[in-house]
Amino acid sequence: MKKIKMITPLVEMDGDEMTRVIWKLIKEILIEPFVELKTEYYDLGLKNRDLTDDKVTLDSALATLKYGVAVKCATITPNAQRMEEYSLKKMYKSPNGTIRAALDGTVFRAPILVDGITPYIPTWTSPIVIARHAYGDIYKAVDVKAGKGKAELVYTDANGNEKRETVFDFGADGVLMAMHNTDKSIESFARSCFNYALDMKLPLWFSTKDTISKVYDGNFKQIFQKLYDEEYKEKFAAAGIDYMYTLIDDAVARIVRSSGGIVWACKNYDGDVMSDMVATAYGSLAMMTSVLVSPSGVYEYEAAHGTVTRHYYKFLKGEETSTNPVATIFAWTGALKKRGELDNNSPLIFFAKRLEKATLDTISCGEMTGDLVSMFKKDGVTPKKLSTKDFLLAIAKRI
């Protein structure tokens, strides 16, 4: 069979643990037999990040800016335990945080709906799209250990004028953290959310906690409202959708009672947590798409979950695993579709859509990984648990 040719490379960012194993299998079983795959490869596995002093992560982000489309495997953000396990030189920052800071933009995460999988919240009949700000906050924070003494927040303007605020008078040991954001990045985030909501014709909710964080979160709220009033209010009215600001705790309560069909814009950490909650409630963390869209039109596709460490340790012992690869498959198909769109390569677009359909059809016909079996309910179909590799082979038969 003649393979589909690619015109421009994708930036390929390899990752860690079980998702790294799955990454290789997806390429070998589902993509390379059909596509003459052209990528610029970067190994973002933790060992290579340590070997390159994490330069490889920034290099991959710069390559994404050059080529316009990237696909990324899940990676480890090391903590103290991981630092010891991998004998790292230091506790490196989140690779996603590094890439997102370089690209700017917004992460959009949406559940993958499948016939036969009913959400844990059965009223959620339409997707809830999480729009996650991709810059700053705790992901670019500076944190230190503190002892007895006074902690101050100091800001010095361009003219050398200093402003000081006492954070806390420590009477004993503690911890201290400072974080930031920029008006430019917040405005890019807001504009991306308004444009996405218009494209999808879905209402947009934005939530923070400005009653507590009056200046920091209040700044987000003000920028969103100003942009909406000046540029988007009439467009939203014409599209028959609306924009609402509410507190994060109120948004959570409203979301649980909703039927879905909403774009929910969240700050960086809120979006990280809420996207996992939404994904799990729809079925599985492995059943959610994730794409970073920058203001300059650069796209980075990834799975919205971690490296599946528990399954990886089983794999290393030679035990069979049944890890769900769907989000990683959809990261590849999303990137291939976008590459095809930018290059006017219709065969590549068609293949990516066919691969998505084959994946969903495999599940709806009763063949799936273990995480979905207990949730699958379809008249006349008995779900069958497959290993990761057998599930990928079942998809390949349908392509």
Side-chain angles (χ1 to χ4, degrees), residues 104-113 119 121-135 183-211 217-268 270-279 281-283 287-299 301 304 330 334 337-338 341:
D104 201 2
T106 301
V107 177
F108 293 96
R109 289 181 170 173
I112 300 164
L113 304 185
I121 300 177
T123 57
W124 285 4
T125 54
S126 299
I128 295 167
V129 181
I130 300 290
R132 176 187 172 189
H133 191 202
Y135 177 78
D183 286 4
K184 179 178 179 293
S185 182
I186 297 167
E187 185 176 326
S188 293
F189 171 45
R191 195 178 298 279
S192 295
C193 292
F194 288 128
N195 287 336
Y196 188 90
L198 281 171
D199 288 344
M200 301 299 291
K201 290 186 169 47
L202 292 173
L204 173 67
W205 296 1
F206 175 51
S207 59
T208 69
K209 193 70 172 176
D210 69 296
T211 52
D217 284 16
N219 196 48
F220 276 81
K221 178 183 177 182
Q222 290 165 14
I223 289 172
F224 263 77
Q225 192 63 52
K226 184 174 186 291
L227 193 61
Y228 176 69
D229 290 340
E230 292 178 356
E231 296 185 31
Y232 289 96
K233 195 170 187 176
E234 292 181 4
K235 295 176 183 176
F236 268 53
I241 57 176
D242 57 6
Y243 164 67
M244 178 184 74
Y245 171 80
T246 188
L247 295 173
I248 183 71
D249 43 350
D250 179 58
V252 171
R254 287 173 180 264
I255 283 288
V256 170
R257 295 194 303 267
S258 79
S259 60
I262 299 158
V263 179
W264 181 12
C266 297
K267 287 170 56 193
N268 209 341
D270 295 342
D272 191 0
V273 175
M274 294 306 165
S275 63
D276 281 3
M277 182 272 290
V278 167
Y282 271 104
M287 298 293 286
M288 189 169 233
T289 63
S290 181
V291 55
L292 173 69
V293 183
S294 82
S296 60
V298 172
Y299 296 79
Y301 295 82
F330 273 65
K337 276 192 289 187
K338 182 54 65 176
E341 289 169 12

Grab the two heavy atoms, one from [X] and one from [Y], that are nearest each other, plus how far apart they are.
| X | Y | result |
| --- | --- | --- |
| Asp276 | Ala304 | OD1-O, 3.5 Å |
| Ser275 | Met288 | O-SD, 3.3 Å |
| Pro111 | Ile128 | CD-O, 3.2 Å |
| Gly261 | Leu202 | O-CD2, 3.4 Å |
| Leu198 | Ala239 | CD2-CB, 4.0 Å |
| Thr246 | Ala251 | CG2-CB, 3.7 Å |

Show your working on side chain to side chain contact (heavy atoms under 4.5 Å, CB included) between Phe220 and His133 and close with a plain yes or no. CA-CA 11 Å; Phe220 276 81; His133 191 202; 3.6 Å; yes
Decide yes or no for [X] and [Y]: does some side-chain heavy atom of the first lie under 4.5 Å from some side-chain heavy atom of the second?
| X | Y | answer |
| --- | --- | --- |
| Val291 | Val293 | yes |
| Met274 | Met277 | yes |
| Asp210 | Leu247 | yes |
| Ile112 | Thr289 | yes |
| Leu204 | Ile241 | no |
| Leu292 | Tyr299 | no |
| Asn219 | Ile186 | yes |
| Phe330 | Met287 | no |

Ion pair present between Lys267 and Asp217, side-chain N to carboxylate O less than 4.0 angstrom? yes
Salt bridge Lys226-Glu187, side-chain N to carboxylate O under 4.0 Å: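 Salt bridge: no.
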Look up atom [atom1] in [X] and atom [atom2] in [Y], then write down how far apart they are to the nearest 0.5 Å.
| X | Y | atom1 | atom2 | answer |
| --- | --- | --- | --- | --- |
| Ser294 | Asp104 | OG | CG | 7.5 Å |
| Lys209 | Asp250 | NZ | CG | 9.5 Å |
| Ile248 | Trp205 | CD1 | CH2 | 11.0 Å |
| Thr211 | Lys221 | OG1 | NZ | 9.0 Å |

If we ignore angles and hydrogens, is there a donor and acceptor under 3.5 Å between the side chains of Asp270 and Ser207? no
Examine distances only and state if a side-chain atom of [X] and a backbone atom of [Y] form a donor-acceptor pair shorter than 3.5 Å.
| X | Y | result |
| --- | --- | --- |
| Tyr282 | Ala110 | no |
| Thr123 | Ser258 | yes |
| Trp124 | Ile255 | yes |
| Arg132 | Asn268 | yes |

Within the 6.0 Å centroid threshold, strictly below: Tyr196 and Phe108: yes
Ring center gap for Tyr228 and Tyr245 short of 6.0 angstrom: no
Should we count NZ of Lys233 as having more than 12 external heavy atoms under 6.0 Å?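 Atom NZ in Lys233 is not crowded, with 12 or fewer foreign heavy atoms closer than 6.0 Å.
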Within a 6.0 Å radius of atom NZ on Lys235, are there more than 12 heavy atoms belonging to other residues, nucleotides or ligands?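 Correct, the count exceeds 12.
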Go through Leu227 and Tyr232 one step at a time and tell me if the side chain to side chain contact (heavy atoms under 4.5 Å, CB included) criterion holds. CA-CA 7 Å; Leu227 193 61; Tyr232 289 96; 3.9 Å; yes
The single option from Phe224, Phe194, Tyr135 passing ring-ring contact (aromatic ring centres under 6.0 Å, His included) against Phe189: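 When ring-ring contact (aromatic ring centres under 6.0 Å, His included) is applied between Phe189 and each of Phe224, Phe194, Tyr135, only Phe224 qualifies.
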